Amino acid sequence: MSEQHTARMRQTEMQAFSIGPFDPETASAQEWAQLQVFRRLRAAEDHPGEPVLADADFQHDVCRQWPLQQYRRFVARRGVEIAGNLILVCRREGTPGCEDYAAFVDVWGGVLNRFQRRGVATALLRTLGGFMQESGRRVATMKVHRPESHAFFRTIGAKEKFSSIENRLALAALDWAALVHWRAEVQGLQWEIHAGRVPMERLAQLMAPFSQLINEQPLGSLDIPRMRYDLAGYESWYAEMDQRGGEHFLVLLRDGDEVVALCDASWDARFPERVYQALTAVAARWRGKGLAKAVKAAMLQLLRERHPQLQTMITTNAHANAPMLSINQRLGFAVHRHDATYQIERDGLQEFLAARTGHLAA
């Protein structure tokens, strides 16, 4: 079969799929049902064995208005069946610091296994390219873990800028006695611990030190604006947890008013046997004193007291964060999967798409 004939077949196949927006506010019951089927199939392929949100919870989450981020959704259809999707996330205009995020878009989505290598992903990329051109976005960022996803993004010219590991801990296997010693090693600092919620007035005081600490973490070669915590995000998140059930836990170590170490985690009532541990950080000048071990130990003790039914803690660590990986390994965390974050600039994406158009027209 000649290359020209293969290209014509690929073009014909691509024409069998249509790309269009999915608007949560105007979608019909039938469109929602189709999306529910698609996202369950995707979940089984991408995260086999993982719990899946109930349909009502998923629809609620998709319809939710986030105060800091704005979402645009697209689906690739063959007839009424959804073969792939594209989710574009940008900083909402008018929010604090939005000008710093104006050049960036986060990209999520994918294609069902049986529709891969049929031009669907490339068609979705054309939608991304058009959006970036129209909105003036310069950099698109994508996080993946499946081997075929790595291969695809390398093919289009995206560069791997950051690598991370999702680690999981079976809480039943923890050496709780060792945690007592880890926590007791801290001397001369003040503990501050919040279970369930952190008062908003206190969170307001913590936004600046939290932003400082997260920007001191290993970030690879990512082209991103300075990360920031915003109180509006917490207000929205807490309101959401008030509705569906959930808790936020925060452990701090302070030297007077200075936050020198922190560890935070969240519990979702929809998945009661799991807890998600987010940021653990120690201020640069306080490292090497065992503070990360101490706040992790205090957090685990707190969670055990609050939710004795918990079985698994899930966290993500940068490959480059050797000290934290070492602590987690000593605790008994095991690698669940490896992730990579890719970025591509608008010009590079347009160059790839132009080459694909020329190939198909040859």
Side-chain angles (χ1 to χ4, degrees), residues 1-50 52-64 70-89 105-135 140 142 144-149 151-153 155-156 349-350 352-362:
M1 185 181 296
S2 69
E3 288 187 10
Q4 193 173 25
H5 181 64
T6 302
R8 282 198 298 268
M9 288 182 62
R10 175 70 63 87
Q11 188 172 30
T12 300
E13 237 179 13
M14 289 175 64
Q15 291 171 349
F17 296 93
S18 61
I19 310 294
F22 182 91
D23 184 349
E25 296 184 1
T26 62
S28 67
Q30 182 182 27
E31 289 170 329
W32 272 109
Q34 293 160 359
L35 184 63
Q36 297 283 11
V37 170
F38 168 78
R39 65 100 183 183
R40 285 183 173 275
L41 290 172
R42 278 292 317 283
E45 292 175 355
D46 280 14
H47 305 285
E50 295 294 293
V52 179
L53 279 175
D55 286 357
D57 288 331
F58 172 77
Q59 184 166 339
H60 172 81
D61 284 359
V62 172
C63 290
R64 179 183 173 191
Q70 195 161 13
Y71 287 72
R72 292 189 65 178
R73 301 171 186 272
F74 301 86
V75 293
R77 297 179 180 275
R78 188 182 66 173
V80 298
E81 186 176 19
I82 297 178
N85 73 328
L86 176 71
I87 304 170
L88 308 179
V89 188
V105 56
D106 289 332
V107 182
W108 302 91
V111 179
L112 291 175
N113 287 349
R114 69 178 184 275
F115 293 117
Q116 291 179 5
R117 302 186 65 82
R118 297 170 66 177
V120 180
T122 300
L124 289 167
L125 282 181
R126 293 191 189 284
T127 300
L128 169 62
F131 170 81
M132 293 179 73
Q133 188 69 37
E134 293 167 9
S135 62
M142 301 78 66
V144 301
H145 69 276
R146 297 179 65 179
E148 56 268 37
S149 300
F152 177 74
F153 284 119
T155 297
I156 72 171
L349 177 59
Q350 296 294 2
F352 166 78
L353 293 172
R356 293 292 292 173
T357 299
H359 174 68
L360 290 173

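Keep in mind the model is a prediction, meaning the values are calculated, not measured. Note that these values count all heavy atoms, side chains included, but never hydrogens, waters or copies made by symmetry.
- Atom CG in L353 sits 5.0 Å away from atom CZ in R126 (nearest 0.5 Å).
- The shortest non-hydrogen separation linking R73 to I87 is NH1-CD1, 3.5 Å.
- Using a distance-only test at 3.5 Å, with no hydrogens or angles considered, a donor-acceptor pair links the side chain of N85 to the main chain of G110.
- Between F74 and L128, every side-chain heavy-atom pair lies at or beyond the 4.5 Å cut-off.
- With rounding to the nearest 0.5 Å, the separation of CG in L124 from CZ in F17 is 10.0 Å.
- Atom CD of E148 and atom OG1 of T155 lie 12.0 Å apart (nearest 0.5 Å).
- Salt-bridge formation is detected for the pair D55/R39: a Lys NZ or Arg NE/NH1/NH2 atom is positioned less than 4.0 Å from an Asp or Glu carboxylate oxygen.
- The two residues F131 and R72 have their closest heavy-atom pair at CD1-NH1, 3.3 Å.
- To the nearest 0.5 Å, atoms CG (D23) and OH (Y71) are separated by 15.5 Å.
- Closest approach of A121 to V111, counting heavy atoms only: N-CG2, 4.0 Å.
- At a threshold of 4.5 Å between non-hydrogen side-chain atoms, the residues V37 and I82 do not count as touching.
- The two atoms that bring V62 and P24 nearest to each other are CG1-CG, 3.7 Å, heavy atoms only.
- Counting all heavy atoms, side chain and backbone alike, E45 lies closest to N113 at OE1-N, 3.1 Å.
- Using a 4.5 Å heavy-atom threshold, the side chains of D106 and L88 count as separate.
- If you take CZ on F38 and CZ on F22, they are separated by 11.5 Å, rounding to the nearest 0.5 Å.
- When side chains are defined from C-beta on, M132 does not count as touching Q350, because their heavy atoms never get closer than 4.5 Å.
- Here the CG-CZ distance, from L125 to F152, works out to 4.5 Å after rounding to the nearest 0.5 Å.
- Panel note: side chain H47, backbone V52; no donor-acceptor pair is recorded below 3.5 Å.
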